[in-house]
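Below: one structure, written as structure tokens.
Counting begins at 1 with the first residue of the sequence.
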Amino acid sequence: VLAVAKERGPRTLMEEEFARQFKAHGVEPFIGTAIFPEEGLPTREDIIAKAGELKAEAVLVVRFLKKTTGESSTPLRRYAVPAGFATSWEGYMASPTSMTSYTDVGIRDVSYGFYYATLETTMFDLNTNNPLWSAYTSTKYEDHPLKKIGPFTSTIMHELDKAKLLPSR
């Protein structure tokens, strides 16, 4: 399992979560950050050479492509109340026009930002060096993206299982 990311922390978390889920499927994974402990990303040739030494059959590469932002909002809500309603009971009852005039009251719209993390995940067959399976995903999140690693890896593992690329349990 190799996550391609600028920062080592998210890379390690992604690789470890995939490793945990691969183990649950009966696969003994190797983690990129453990095999290549030095900073920076290994070259394709280094990965292929090391995988050969370890007798690995395939490598799963997860690449972080981009982060985009979005915004969502709840529109302004308006409703009408009789004139004087918000001030006092006496004013409301004493005013002859209170039964026919209304005041617009609005509740401000609420907006919030969210993000999309776009990733490409590819499994390569190390006998042929060709891709076996690939997915391009966009994951929406509002809080920290690291909180989405578990659900993201579960989705990928489910798809790998559907593609019959994992051993039967």
Task: Between Gln21 and Ser154, a side-chain donor and acceptor under 3.5 Å - done: yes
TODO: Applying side-chain contact (heavy atoms from CB on, under 4.5 Å), run through Val59 and Leu126 and close with a yes or a no.
DONE: CA-CA 7 Å; Val59 64; Leu126 292 174; 4.0 Å; yes
Please report the closest heavy-atom contact between [X] and [Y], naming both atoms and the distance.
| X | Y | value |
| --- | --- | --- |
| Glu17 | Ile149 | CB-CG2, 3.7 Å |
| Ser138 | Thr118 | OG-OG1, 3.2 Å |
| Phe124 | Asn129 | CD2-O, 4.2 Å |
| Leu160 | Phe22 | CD1-CZ, 4.1 Å |
| Arg8 | Pro37 | NH2-O, 3.2 Å |

Same cluster or not: [X] versus [Y], using hydrophobic residues (I, L, V, M, F, W, Y) connected whenever any side-chain heavy atoms lie under 4.5 Å apart?
| X | Y | result |
| --- | --- | --- |
| Ile47 | Phe30 | yes |
| Met14 | Val27 | yes |
| Leu13 | Leu119 | yes |

TODO: State whether the number of non-hydrogen atoms from other residues, nucleotides or ligands found under 6.0 Å of Phe36 atom CZ is greater than 12.
DONE: yes
Open item on the list: If you count every heavy atom of other residues, nucleotides or ligands that lies below 6.0 Å from Glu57 atom CD, does the total exceed 12?
Closed with: no
Open item on the list: Check Arg11 with Glu7, please: is the shortest side-chain N to carboxylate O separation under 4.0 Å?
Closed with: no
As an exercise, state the distance from [atom1] of [X] to [atom2] of [Y], rounded to the nearest 0.5 Å.
| X | Y | atom1 | atom2 | answer |
| --- | --- | --- | --- | --- |
| Tyr141 | Lys148 | OH | NZ | 10.5 Å |
| Tyr136 | Leu65 | OH | CG | 5.5 Å |
| Thr122 | Arg63 | OG1 | CZ | 7.0 Å |
| Asp161 | Ile156 | CG | CD1 | 13.0 Å |
| Trp133 | Lys162 | CH2 | NZ | 10.0 Å |
| Met123 | Leu166 | CE | CG | 6.5 Å |

Task: Axial cation check for Tyr115 ring with Lys67, 6.0 Å and 45° limits - done: yes
Task: Tyr116 and Lys66, any side-chain heavy atoms less than 4.5 Å apart - done: no
Open item on the list: Just so I know, are the side chains of Thr69 and Phe114 near enough to count as touching, which here means a heavy-atom distance under 4.5 Å?
Closed with: no
Open item on the list: Looking at Glu15 and Ile31, would you say the former's side chain and the latter's main chain have a donor-acceptor pair under 3.5 Å?
Closed with: no
Task: Arg20/Lys23 under side-chain contact (heavy atoms from CB on, under 4.5 Å): CA gap, chis, key distance, verdict - done: CA-CA 5 Å; Arg20 186 186 70 73; Lys23 284 179 183 176; 5.9 Å; no
- [ ] Start with the C-alpha distance between Thr121 and Val61, add both sets of side-chain angles, then the distance that settles side-chain contact (heavy atoms from CB on, under 4.5 Å), and finish with yes or no.
- [x] CA-CA 6 Å; Thr121 307; Val61 179; over 6 Å; no
- [ ] Would you check, one step at a time, whether the test side-chain contact (heavy atoms from CB on, under 4.5 Å) holds for Ile35 with Leu54?
- [x] CA-CA 10 Å; Ile35 296 170; Leu54 297 170; 3.5 Å; yes
